[in-house]
Amino acid sequence: MGVLAKLKGMVGYKKYLNTLMLSAGLALLTLSIAFGLMYLATEGNSFPGPLMLLIFALFFVIFTVFYESSGKSKRKERESLKSLAKGLFLGCCATFAFVAVVSGVKLMILVINGELGEQIKIDWVIYAFAICMIVNTVLLSLLKPSPVKEKL
């Protein structure tokens with residue numbers, strides 16, 4: 001077997017491995033958000049108010065600075081307000097997602113330890129993870145940019 005054939009095989013293997021890892025990571029994230037929403041609906045929010053405000057403030061500052069730095073060097077007042085509004089919106093979304101992920105991890109730990117009894121079995125967690133992996137693989141393949149070949 002030639003060196004070129006071995007290199008092509010390694011590149012193909014890395015492509016499959018990268019797709020598998022990305023799909024599994026996104027499935028874990030999706031599953032933890034879904035379980036977090038379940039936990040928040042049944043148990044309520046377990047984060048104290050000051051901690052939630054601190055998390056929101058961190059995300060708000062990060063996203064506002066990101067949008068301000070991605071703009072032009074000479075800024076108008078209107079563009080500054082737009083970056084503040086975008087930072088506010090993304091700060092709220094990121095705070096909600098962060099709280100949902102942490103709550104989902106709490107619920108998964110309760111399920112694994114068997115503290116919820118017969119409400120949620122580990123089989124259902126595996127089913128949900130497999131379905132999330134399939135959906136994320138489909139979405140990744142649909143969102144992949146297709147090569148455009150132009151004929152002159």
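Quick note: numbers below take in every heavy atom, side chains included, and nothing from hydrogens, waters or symmetry partners. Just so you know, these numbers come straight off a predicted model, no measurement behind them.
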*Which heavy-atom pair separates L37 from A100 by the least distance, and what is that distance?*
CD2-CB, 4.5 Å

_I want to check something: taking the side chain as every heavy atom from C-beta on, are V65 and F60 in contact at a cut-off of under 4.5 Å?_
no

*asked:* Do Y67 and L90 have side chains that approach each other closer than 4.5 Å (heavy atoms only, starting at C-beta)?
replied: yes

_If I take atom CG from residue L139 and atom CD1 from residue I134, how far apart are they, to the nearest 0.5 angstrom?_
12.0 Å

*Are M38 and F129 grouped together when hydrophobic residues (ILVMFWY) are joined by side-chain heavy atoms under 4.5 angstrom apart?*
yes

*Derivation of the side-chain contact (heavy atoms from CB on, under 4.5 Å) call for L140 and L26*: CA-CA 10 Å; L140 285 172; L26 286 174; 4.1 Å; yes

_To the nearest 0.5 Å, what is the distance between CZ on F35 and CG on L28?_
10.5 Å

*Could you grab the distance from atom CZ of F59 to atom CZ of F98, nearest 0.5 Å is fine?*
6.0 Å

*4.5 Å side-chain heavy-atom contact, F63 and L88*: no

*Using the rule that two of Ile, Leu, Val, Met, Phe, Trp, Tyr join whenever any of their side-chain heavy atoms come within less than 4.5 Å, decide whether I55 and F96 are in one cluster.*
no

*Hey, could you give me the SG/CD1 distance between C132 and I33, rounded to the nearest 0.5 Å?*
10.0 Å

*If we only count heavy atoms from C-beta on, is the L107 to E43 side-chain gap below 4.5 Å?*
no

_Against M133, only a single residue in L31, L20, V138 fulfils side chain to side chain contact (heavy atoms under 4.5 Å, CB included); can you say which?_
L20

*Would you indicate whether the side-chain heavy atoms of N18 and L22 approach each other to under 4.5 Å?*
no

*Between S83 and T64, is a side-chain hydrogen bond (donor to acceptor under 3.5 Å, both in side chains) present by the stated rule, with each step listed?*
CA-CA 6 Å; S83 66; T64 302; over 6 Å; no

*Rounded distance (nearest 0.5 Å) linking atom OG1 of T30 with atom CD1 of I131*: 12.5 Å

*F47 six-ring face occupied by K106 cation (under 6.0 Å, within 45°)*: yes

_Hydrophobic clusters here meaning ILVMFWY residues chained together by side-chain heavy-atom distances under 4.5 Å, can you tell me if V99 and L51 are in one?_
yes

*Determine, using the 4.5 Å side-chain heavy-atom cutoff (strictly less than), whether V135 and V101 are members of one ILVMFWY cluster.*
no

*ILVMFWY cluster, M108 and L110 together (side-chain gap under 4.5 Å)*: yes

_Gap separating the NZ atom of K86 from the CZ atom of F66, nearest 0.5 angstrom_ = 9.5 Å

_Shortest non-hydrogen contact between S23 and T137, atoms and distance_ = OG-OG1, 2.8 Å

